[in-house]
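For reference, the structure discussed in these notes is given below.
Counting from 1, the numbers follow the sequence of the chain as shown. No hydrogens, no waters, no symmetry mates; every other heavy atom, side chains included, goes into these values. The structure displayed is predicted, hence computed values, not measured ones.
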Amino acid sequence: MSNFAPDRLLDLIAFSEIVPAVNQIETNPYHQQVDYQELLRAEGVQIEAWAPFAEGKNELFSNPVLTTIGESHGKSPAQVVLRWLLQREVVVVSKSVRIERWLTGRADA
């Protein structure tokens with residue numbers, strides 16, 4: 001599934017024989033979805049992050065908090081975000097349209 005609101009998800013589960021396996025919803029440091037993730041977990045549905053890097057908006061890759069955390073561990077802000085999501089048990093599939101990111105494997109390139 002993608003972008004199912006909590007009430008629609010509960011309706012789907014109530015009136016279907018098969019519970020969805022995954023719901024892909026916007027999840028990033030600026031839109032954390034903590035309550036919805038708890039609901040998904042309770043219903044046996046895995047959360048997957050859509051826009052895990054907030055589409056590069058709000059200066060995510062130069063965010064002072066993420067930068068400070070990253071510097072203390074020798075990591076980039078993007079790596080900090082990925083680790084944070086993984087520690088929250090959020091599935092992450094990131095993408096880029098910039099060839100230099102494909103070549104370096106770095107989300108913040």
Side-chain angles (χ1 to χ4, degrees):
M1 303 182 338
S2 182
N3 294 318
F4 263 59
D7 60 333
R8 300 294 83 193
L9 171 77
L10 293 174
D11 283 346
L12 180 66
I13 291 170
F15 297 103
S16 298
E17 291 182 28
I18 299 172
V19 175
V22 178
N23 190 13
Q24 182 186 52
I25 57 175
E26 182 176 3
T27 310
N28 56 60
Y30 303 123
H31 198 64
Q32 298 185 13
Q33 304 274 20
V34 174
D35 292 339
Y36 194 12
Q37 182 180 5
E38 290 174 8
L39 172 66
L40 290 169
R41 183 177 288 127
E43 296 297 332
V45 179
Q46 175 63 52
I47 184 174
E48 178 181 338
W50 175 82
F53 298 126
E55 298 183 282
K57 297 176 182 171
N58 300 316
E59 301 179 1
L60 179 94
F61 300 118
S62 60
N63 177 284
V65 173
L66 297 173
T67 300
T68 300
I69 293 169
E71 287 173 351
S72 70
H73 297 283
K75 304 296 180 186
S76 70
Q79 290 170 309
V80 171
V81 171
L82 289 173
R83 177 64 180 236
W84 170 75
L85 287 165
L86 292 173
Q87 285 181 297
R88 288 186 52 211
E89 299 180 355
V90 175
V91 171
V92 181
V93 179
S94 59
K95 71 160 189 126
S96 179
V97 296
R98 294 177 53 189
I99 190 70
E100 61 270 21
R101 290 185 181 150
W102 299 352
L103 297 174
T104 66
R106 293 184 51 194
D108 61 339

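Not counting sequence neighbours, the partners of Arg83 by the side chain to side chain contact (heavy atoms under 4.5 Å, CB included) test are Gln87. Contacts of Leu10 classified as side chain to side chain contact (heavy atoms under 4.5 Å, CB included), with partners at least two apart in sequence or in another chain: Leu39, Glu43. Scored by the side-chain hydrogen bond (donor to acceptor under 3.5 Å, both in side chains) test, Glu59 finds no partners at all (sequence neighbours excluded). Every residue two or more places apart in sequence or in another chain that forms a side chain to side chain contact (heavy atoms under 4.5 Å, CB included) with Gln24 is listed here: Ser2, Glu48, Trp50.
Shown here for Ala49 and Leu85, the closest heavy-atom pair between the two residues is CB-CD1, 4.4 Å. Nearest approach of Pro52 to Pro29, heavy atoms of both residues: O-CD, 4.0 Å. The shortest heavy-atom contact between Glu89 and Gln46 is O-NE2, 2.8 Å. When all heavy atoms of Pro20 and Val45 are compared, the closest pair comes out as O-CG2, 3.3 Å.
A chain of hydrophobic side-chain contacts below 4.5 Å, direct or via other Ile, Leu, Val, Met, Phe, Trp or Tyr residues, connects Val65 to Phe53. Residues Leu12 and Val19 share a single hydrophobic cluster, defined by chaining ILVMFWY side chains whose heavy atoms lie under 4.5 Å apart.
A distance of 7.0 Å separates CG of Asn28 from CG of Leu60, quoted to the nearest 0.5 Å. Rounding to the nearest 0.5 Å gives a distance of 10.0 Å between CZ of Phe4 and CD1 of Ile13. For the atom pair CD1 (Ile25) and CE (Met1), the distance works out to 9.0 Å, reported to the nearest 0.5 Å.
Applying the side chain to side chain donor-acceptor pair (under 3.5 Å) test to pairs two or more places apart or on separate chains, those with a residue in residues 5-20 are Arg8-Asp11. Listed by first then second residue, pairs satisfying side chain to side chain donor-acceptor pair (under 3.5 Å) with a partner in residues 31-42 read Asn23-Tyr36, His31-Gln33, Gln37-Arg88, not counting sequence neighbours. Within the structure, every pair that satisfies the side chain to side chain donor-acceptor pair (under 3.5 Å) test and touches residues 62-74, not counting sequence neighbours, is listed here: Tyr30-Asn63.
Using a 4.5 Å heavy-atom threshold, the side chains of Leu66 and Phe61 count as separate. Side-chain contact between Ile47 and Thr27 is present, with at least one heavy-atom pair separated by less than 4.5 Å.
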